[in-house]
Every structure is written in structure tokens, then in C-alpha cells.
Participant: 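Let me begin by handing over the structure; questions about it come next.
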Amino acid sequence: MSEITGESAAGAAGDSTGEISGHSGELAVHVARAHGVETMFTLSGAHVFPMYDGAVKLNQEGEPPQMRLLDVRHEQTAAFAAEATGKLTRVPGLAVLTAGPGVTNGISAIAQAQFAGSPMVVVGGRAPQNRWGSGSLQELDQPPLIAPVAKSARTLMTAGEVASGMDEAFTLARSSHRGPVFVDVPMDEFFNSSTGTVGSGEGTRVEPDPDAIEAVARLLADAERPVLVLGTDVWADHAEAAALRLVEDLGIPTLTNGMGRGLIPGGHRSLVTKARGAALSGADLVVVVGTPLDFRLGYGVFGGKDGATPARVVHVADSPAQVAAHADLAGSVSGDLTTILDGLQAAIESGDKPDWSDWSDRLADLVRAAAARDAELLTAEADPIHPARIYGELVPRLADDSVVIGDGGDFVSFAGKYVEPQRPGGWLDPGPYGCLGAGLGAAIAARLARPSAQVTLLLGDGAAGFSLMDVDTLVRHDLPVVMVMGNNSAWGLEKGPMQMLYGYDVVADLAQRTPYDQVVSALGGAGETVTDPRQIGPALDRAYAAGVPYLVNVITDVEAAYPRNTFGI
């Protein structure tokens, strides 16, 4: 397979190529701008002052600085904001973290980006090289810590390495398979000057094998009950249009996960998320595109119960290393996903087009039946409030351009069941790494990336404890976001399973009915606590009209747990 170049950085600085000079911070910012980066997420630290100076000074003929500085209250938020920016814009997000604890505070977000395939570059400060080994402040060799959870982690030892090293970092982060890249620069070299060359601001993709595409097309054409699964990498690889064409022209029943949600609009006849169990257990062929065959997809085993023959499985990935090695595959193909999806469609339509209407009709009937069953919970008048009732009020109020962010366990699981985005690129969740605390960073990123869109952050009360202080960041930077909390005063995702296993639970309870909305108000936002299900809708209307960060703190029933089939093991 060969690599093809693509994804040039739209909107980059005018002098996107050519010789540049300046101190290391200026060089780094020049390169970032050439790759389309508009915002630097950070928390002030002296080890990285040159990056700030580069962002402030870099302009053209007296124009304002070309890179926004967005400072947060905890480095994890800066890194999560960069990770979410990479997801939403498909241009690498940039986090700049000071040395030592600044860098280590960002590691969870780097790991999340690695698991989710999110393009991001993290630039770390580093103790000065001319003092190395003497015990200077926060002296730590950081790349070995980060290397296991990043595509690359290295030190740019001299100012002369910065321009080329940063260009390599951004190119690698945005190339298939995408992910996080870390570089740090010794403090003394960060202040030194040098020259360098700004590259083209492009990434690379892999050219797929045409014979492999043909083989997968034959499997599809021969299937009687196929199911297509579309995941995050379909969006990340700019293949959303090709995916929708394939689904609409072939009428193949489809499931989505991660940032694949919204690729097929909610309510579309071929979207069978509400009949997921029946679709995957009844299929004779499951084609999984752009998402790993992990615990969320039964590790690639579908059906086979009660003596039935398991479904054949095809894995389609954006790069060879992403094709599952643990699963028994009937076929696979890797490379540029638009090329693959269009190739599959063309190959199938060149012959006798398969008729899957009976299978599709059966699943459509199950989707309608599930929607009817859902209506009871979505309109429940239970006291305490059933979490599903929140979504019964929220979903009708979500705009087509809404960005919905999930940060929580049980409460966000309900969101996955009831929220079906209308557009691609409008859903952010913890992904397979399952990291709490990403929500405020993602909300900051979404408000910047989609300034005219509706932004809604779904928070569990447990998850809120990781990052709620960064409401201060939303307020200081005038970034209104609606936060909707399911507050069951517990770690709901752990409380139920522990009771199931042991008959009791410990360390699973939080303070009862904590008024987190008052925390938001104290930080300069606004909010309210809701205990009556009939008041959820009016509270949401006030939140969306407020024009400030607003928390709707809904007290929910801790006994109303999400019914799940797996605990991720």
C-alpha cells in the first residue's frame, strides 16, 4: 500500500510555506498556523513563555495575533480541549503545558486521544538542558512517560530542531491513523533563536488495495442480512459523504458509534440503532468501518447463540495497523475510507444489486416498536426523576447543528440510547478509554469550533467533580454553554454492578442533592436545580436563552440504572 497526501490546512497563515526565523516559540507557532491551528490551549507556565510570545507577536502587517491564547484552570482541561478540537475540526488541536506536573496533568487526555484516534499535538516545557542533572525545577524526562499512549513522544533538543520537529509532529498527528503527538523543548533552547522551513500543512493517508475492496464487495453482495457499523474514523477521515451515499443507495441497515453518530441522520430508515441487539444477533455479515472491534462491539463476535451460525465479519480501517488482529475476519481492507466506501458501492452496483428489503423492513419494524416503548420512560412522571425523562425534554430542543458532549457514566449511557444527531461531527463522548473529566474542555473546544451552534454538555454529578472549576474559563472567555446534569448523588456506573456482585456497595455514594448550579453561579454563570419532571423543559428553555454558562441540575433516581449488556471486560 502506498501513502497519498491530503488534508491541506484550510485557513492557515498566508505564508504557509517558506523560510522562517525567530526564537523557538515563534517558530513553533508559525508551523502550527501552517497546519491550520487557530487556538493554543494552556495554563500559564514559565517553561513555555516563548510559545505565548510567539502567539502574541505572530501577525501580518500589524493585524491582531493569528493564534488565540485560551487559558484554563487545570492542564487536563487544556489537553481535553485540544483533543476535542482535533475531533471536531479534523485539524490537530494544540495544548501547551508547562514542565513536570503541567505535562503529567495532560496525560489522561493524551491517552484518550490515542484510543479515539484524535489528532492533537501537545508541546511540553522542559527543564533547561544546560542545568540537566542538577535538580532544576520540575526536571523530568517526560517523553518516556508519554510514549506508550502517543504516536510519538520526543525532545527537540535545540532551537534548530524546532521548526522541522514541529512540522513532523503535526503531520504525524493528522496522518492515518490519527492520534496524539508529544514534543518538549528545553527551556533554554525555547528562548534561543534559529531558522527553519514551514511545510505544506498536510497529512498522509493510505491508498487501499483494489482487490481487497472487490473481495469485501463480493461478501456484501452475497449477504442476505448485512449490517454496516460506522465509527469515529469515518468522520475523522472526511468520509461522511461517501458513507451516506453508500447507505442511501444500497439501503443497508446501519449502526453508528462514537463520532460516527450523525453520519446517518436520526430518524433515517436505514439507521437501526434502536434495534441494535436484533441487528447484530440476526446478521449474517457485519461490516465494521472506522472503529475497533473492542468491548463496545463484542470483540468482533456477532450472533452464534443457541447453535446459530455467527455472522461473518469484515473490518475496514483507515490504516493497516488498525485492522483487528484478535478477531476471526472474513475480509478486511485498509486505507482512505472515501476511496473504500465509494469503491464498495461501485463494485456492488456494477452487478445485480442485492435486495435486502425484507431484512430492512424487519429491523425498521423493531425500531418503531422500540421507539414506542421508549415513549413511556421519556415522558415518565416518576419522583425521583427517571434520567430518561431528561432526554424526553432535551431531544426535542436540540437543534440540527447541536454539538452534544457526554461526560459521565450511567447518565451519558442514556444519551447514547436516546440522542440521535442530525448531522455528522456533532457528538463527543469519552470513547473507548472511558475517561471522565473531559467535558469542560470539550465544551470550550466546541464553542470555539462552532461559534454559532448550540452546545450542550451532559454531565454526571460524579464527572462534574473532575472539571467543574473550568466554568470559570467559560465565563472569562465569554463562551456560553448549556450544561445538563443527571444528579443521582452516586457513582451510578459502579454502584449497581457492585451490588450485583456482592450484595452491597461501598465508596459509591456522593453527597445528596448537591447544588452544583450554585457552584456555576458563583463562578459567574447561572443555573437551577430541578426536582419536578414537569419543570425540566422550562429550565432547559431558560438555559438556552441565558447567553451564559448555565447548569440545569436535575435530581434523578439512583435506582433507575441504565440497562447494560457489558461492563467493558
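The model shown is predicted, which means the values in this text are computed figures rather than measured ones. Heads up: numbering here begins at 1 and tracks the sequence.
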Participant: Strictly distance-based, threshold 3.5 Å: is any side-chain N or O of N488 a donor or acceptor partner for the main-chain N or O of V558?
Facilitator: no

Participant: Output, in order, the C-alpha distance, side-chain angles, deciding distance and verdict of side chain to side chain contact (heavy atoms under 4.5 Å, CB included) for V289 and V229.
Facilitator: CA-CA 6 Å; V289 184; V229 180; over 6 Å; no

Participant: Decide salt bridge (charged side-chain N to carboxylate O under 4.0 Å, His left out) for R389 and E376; before the verdict, give the C-alpha distance in whole Å, the side-chain angles of both, and the deciding distance to 0.1 Å.
Facilitator: CA-CA 9 Å; R389 175 60 187 269; E376 182 176 352; over 6 Å; no

Participant: Taking W359 for its side chain and P226 for its backbone only, find out whether a donor-acceptor pair lies under 3.5 Å.
Facilitator: yes

Participant: Excluding sequence neighbours, so at least two apart, what forms salt bridge (charged side-chain N to carboxylate O under 4.0 Å, His left out) with R368?
Facilitator: D365

Participant: Under the ring-ring contact (aromatic ring centres under 6.0 Å, His included) test, which residues partner F302, sequence neighbours left out?
Facilitator: none

Participant: Rounded to the nearest 0.5 Å, what separation is found between the CZ atom of F80 and the OG atom of S118?
Facilitator: 10.5 Å

Participant: Taking W356 for its side chain and L250 for its backbone only, find out whether a donor-acceptor pair lies under 3.5 Å.
Facilitator: no

Participant: I'd like to know if the side chain of E75 reaches the main chain of N105, judged simply by a donor and an acceptor atom lying under 3.5 Å from each other, with no hydrogens or angles considered.
Facilitator: no

Participant: Walk me through it: do L436 and F466 pass the test side chain to side chain contact (heavy atoms under 4.5 Å, CB included)?
Facilitator: CA-CA 7 Å; L436 296 182; F466 287 81; 3.8 Å; yes

Participant: Using the test ring-ring contact (aromatic ring centres under 6.0 Å, His included), find all partners of Y550 that sit at least two apart in sequence or belong to another chain.
Facilitator: none

Participant: I need the minimum non-hydrogen distance between V227 and I252, along with the two atoms involved.
Facilitator: C-CD1, 4.4 Å

Participant: Run the side chain to side chain contact (heavy atoms under 4.5 Å, CB included) test against T232 and tell me which residues pass, sequence neighbours left out.
Facilitator: M259

Participant: Checking side-chain polar atoms at under 3.5 Å, does D517 have a donor or acceptor matched by the opposite partner on T529?
Facilitator: yes

Participant: Can you list the residues that meet the ring-ring contact (aromatic ring centres under 6.0 Å, His included) rule with H315, with sequence neighbours excluded?
Facilitator: none

Participant: With R397, which residues qualify under salt bridge (charged side-chain N to carboxylate O under 4.0 Å, His left out), at least two apart?
Facilitator: E393, D541

Participant: Please confirm whether the backbone N or O of S270 pairs with a side-chain atom of H268, one donor and one acceptor, at under 3.5 Å?
Facilitator: yes

Participant: Centres of the H386 and F414 rings: under 6.0 Å?
Facilitator: yes

Participant: List the steps, then state whether side chain to side chain contact (heavy atoms under 4.5 Å, CB included) holds for R178 with D237.
Facilitator: CA-CA 9 Å; R178 297 158 188 82; D237 211 41; 2.7 Å; yes

Participant: Angle class for the Y502/Y504 ring planes (parallel below 30°, perpendicular above 60°, tilted otherwise)?
Facilitator: tilted

Participant: Go through L271 and T256 one step at a time and tell me if the side chain to side chain contact (heavy atoms under 4.5 Å, CB included) criterion holds.
Facilitator: CA-CA 8 Å; L271 185 63; T256 58; 4.1 Å; yes

Participant: Taking everything shown except E349 itself, do over 12 heavy atoms lie less than 6.0 Å from its CD?
Facilitator: yes

Participant: Do D470 and T77 get their side chains close enough for a donor-acceptor pair, meaning under 3.5 Å?
Facilitator: yes

Participant: Tell me whether R447 contacts the main-chain N or O of V481 through its side chain, where contact means a donor paired with an acceptor under 3.5 Å.
Facilitator: no

Participant: For D509, which residues count as a salt bridge (charged side-chain N to carboxylate O under 4.0 Å, His left out) partner, sequence neighbours excluded?
Facilitator: K495

Participant: Does atom CZ of R245 have more than 12 heavy-atom neighbours from other groups under 6.0 Å away?
Facilitator: yes

Participant: Do the two ring centres, one from Y391 and one from F411, sit under 6.0 Å apart?
Facilitator: yes

Participant: For A539 and V530, work out which heavy atoms get closest and say how close.
Facilitator: CB-CG2, 3.7 Å

Participant: Taking side chain to side chain contact (heavy atoms under 4.5 Å, CB included) as the definition, give me every residue that meets it alongside R423, ordered by chain and number, with sequence neighbours left out.
Facilitator: D400, D401

Participant: Under a 4.0 Å N-O cut-off, is there an ion pair linking E38 with R68?
Facilitator: no

Participant: Who passes salt bridge (charged side-chain N to carboxylate O under 4.0 Å, His left out) against D472, sequence neighbours left out?
Facilitator: R73, R476

Participant: Kindly write out the residues that satisfy side-chain hydrogen bond (donor to acceptor under 3.5 Å, both in side chains) with Q499, not counting sequence neighbours, or none if the list is empty.
Facilitator: D505

Participant: Would you give the length of the straight line joining atom CD of Q322 to atom CG of L293, rounded to the nearest 0.5 angstrom?
Facilitator: 11.0 Å

Participant: Nearest heavy-atom pair of T85 and A445: which atoms, and what distance?
Facilitator: OG1-CB, 3.3 Å

Participant: Return yes if a side-chain donor-acceptor contact under 3.5 Å exists between T338 and D336, otherwise no.
Facilitator: no

Participant: Please list, one pair per line, the donor and acceptor atoms closer than 3.5 Å that link side chains of residues 428-435 to other protein atoms, with sequence neighbours excluded.
Facilitator:
{"residue": "D429", "atom": "OD1", "partner": "G431", "partner atom": "N", "Å": "2.9"}
{"residue": "D429", "atom": "OD2", "partner": "W427", "partner atom": "NE1", "Å": "2.8"}

Participant: Can you confirm whether the side chains of D318 and H177 place a donor and an acceptor under 3.5 Å from each other?
Facilitator: yes

Participant: Enumerate the residue pairs fulfilling salt bridge (charged side-chain N to carboxylate O under 4.0 Å, His left out) with a member in residues 256-282, sequence neighbours excluded, ordered by first and then second residue.
Facilitator: R269-D361, K274-D374

Participant: Shortest non-hydrogen contact from P515 to N553?
Facilitator: CA-ND2, 3.8 Å

